[in-house]
Amino acid sequence: MKRTDIKHIVVLAALALSSTANAATYDYTAHYDYIRKPSLTNAQVDAQIQVDTATCDSTIGVQRATPSVNYRSCMLQHGWKYSFVTRTRIQPTRTPADPYFSSNARVAPGHFIDHDNGMDCQNMGGAEVCDPPNGTVQYFDPDQNLPCTRTGAMAICSNL
């Protein structure tokens, strides 16, 4: 294989990977118009498109971006004409998944706040080394089964 062929393959692979990563940050919505007679009310349209979309999803497969020709044909058989697709950027959530956790503590690069003890920690060769945080941390202590607030070295846990 020539060097230029390898470069082309690498560029194509990088382009495919970057477009895949980019596609993961968007939510696509296909829009259809109901074309059968008699017309449906808004409530009927909402219910009917849910049923017809589920039918075509199970038959053709779930569509992630612009619907395929086969999917559009399936929807057309159910009375829906494809109009357009909208793309909405998905905003990453910045809140932690733990509802008991919040923190205003400043952490150094490579450090993190441990959700079980509220301490400022760093992984050191497979071991977690922790110090009191520089700020206030609210967390849930699984050992005590209580919500806690830590400010510096002092932690107060209470069910009140």
Side-chain angles (χ1 to χ4, degrees), residues 1-123 128 133-142 145-150:
M1 207 180 260
K2 293 182 181 177
R3 185 178 176 108
T4 56
D5 291 339
I6 293 172
K7 284 183 182 178
H8 286 107
I9 291 170
V10 168
V11 168
L12 183 62
L15 181 62
L17 287 174
S18 67
S19 65
T20 301
N22 190 32
T25 61
Y26 290 93
D27 187 19
Y28 295 88
T29 304
H31 299 269
Y32 294 87
D33 294 318
Y34 190 73
I35 58 173
R36 286 196 179 153
K37 301 293 180 192
S39 298
L40 300 175
T41 66
N42 285 342
Q44 291 171 324
V45 165
D46 291 343
Q48 191 61 45
I49 198 161
Q50 295 294 326
V51 170
D52 294 337
T53 302
T55 300
C56 291
D57 285 351
S58 66
T59 305
I60 308 298
V62 176
Q63 306 294 294
R64 297 288 179 213
T66 303
S68 67
V69 173
N70 290 340
Y71 195 89
R72 291 181 197 182
S73 175
C74 178
M75 290 297 285
L76 189 58
Q77 290 172 8
H78 290 88
W80 299 97
K81 183 178 181 195
Y82 172 76
S83 295
F84 60 95
V85 69
T86 56
R87 182 176 84 161
T88 308
R89 185 172 185 92
I90 298 172
Q91 297 297 323
T93 57
R94 298 204 183 271
T95 58
D98 185 351
Y100 291 102
F101 183 81
S102 69
S103 172
N104 69 1
R106 293 185 180 159
V107 292
H111 288 235
F112 61 95
I113 300 294
D114 189 305
H115 284 232
D116 291 340
N117 62 23
M119 299 286 277
D120 179 349
C121 300
Q122 179 179 14
N123 286 327
E128 188 176 277
N134 181 12
T136 301
V137 178
Q138 294 178 338
Y139 63 98
F140 187 83
D141 186 337
N145 200 29
L146 291 172
C148 303
T149 300
R150 176 178 294 281

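Note: hydrogens, waters and symmetry copies are ignored here, and every other heavy atom, side chains too, is used.
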field: pair Asp141-Asp116: side-chain heavy atoms closer than 4.5 Å
entry: no
query: So which heavy atom on Thr136 is nearest to which on Asn104, and how close?
result: N-OD1, 2.7 Å
message: Which label fits Tyr82 and Tyr32: parallel for a plane angle under 30°, tilted from 30 to 60°, or perpendicular past 60°?
response: perpendicular
query: Side-chain contact, heavy-atom cut-off 4.5 Å: Arg87 with Asp27?
result: no
message: Within the 3.5 Å criterion, strictly below it, is a donor on Asp33 or Trp80 matched to an acceptor on the partner's side chain?
response: no
query: From Gln48 CD over to Arg36 CZ, what is the distance, rounded to the nearest 0.5 angstrom?
result: 8.5 Å
query: Hey, are the side chains of Tyr28 and Thr88 touching, using non-hydrogen atoms and a 4.5 Å cut-off?
result: no
message: Under the criterion side-chain contact (heavy atoms from CB on, under 4.5 Å), I'd like the reasoning laid out for Thr55 against Gln77: C-alpha separation, chi angles, the key distance, then a yes or no.
response: CA-CA 11 Å; Thr55 300; Gln77 290 172 8; over 6 Å; no
query: Are the side chain of Gln63 and the backbone of Gly61 linked by a donor-acceptor contact shorter than 3.5 Å?
result: yes
- request: Give the minimum heavy-atom separation between Val137 and Ser103, together with the two atoms involved.
  value: CG2-OG, 3.6 Å
- prompt: Out of curiosity, Cys121 SG to Asp114 CG, how far, rounded to the nearest 0.5 Å?
  reply: 4.5 Å
- prompt: Does the side chain of Tyr139 reach to within under 4.5 Å of the side chain of Arg150, using non-hydrogen atoms?
  reply: yes
task: Could you check if a side-chain atom of Cys56 sits within less than 4.5 angstrom of a side-chain atom of His78, using non-hydrogen atoms only?
output: yes
task: For the residue pair Ile49 and Tyr34, establish whether any side-chain heavy-atom pair is separated by less than 4.5 Å.
output: no
query: Is the closest side-chain heavy-atom distance between Pro133 and Ile113 below 4.5 Å?
result: yes
- prompt: Heavy-atom distance under 4.5 Å between the side chains of Glu128 and Phe112, does that happen here?
  reply: yes
Side chains of Thr86 and His31, donor plus acceptor under 3.5 Å: yes
query: In terms of side-chain heavy atoms, does Gln50 have a donor or acceptor partner in Asp46 at a distance below 3.5 Å?
result: no
From Ile60 atom CD1 to Ser73 atom OG, the distance as rounded to the nearest 0.5 Å: 7.5 Å
- prompt: From Ser83 OG over to Lys81 NZ, what is the distance, rounded to the nearest 0.5 angstrom?
  reply: 7.5 Å
field: Chi angles and distances behind the side-chain contact (heavy atoms from CB on, under 4.5 Å) call for Met75, Thr53
entry: CA-CA 7 Å; Met75 290 297 285; Thr53 302; 3.8 Å; yes
query: Would Gln138 and Cys148 count as a side-chain contact (heavy atoms from CB on, under 4.5 Å) if you check the C-alpha gap in whole Å, the side-chain angles of each, and the deciding distance to 0.1 Å?
result: CA-CA 6 Å; Gln138 294 178 338; Cys148 303; over 6 Å; no
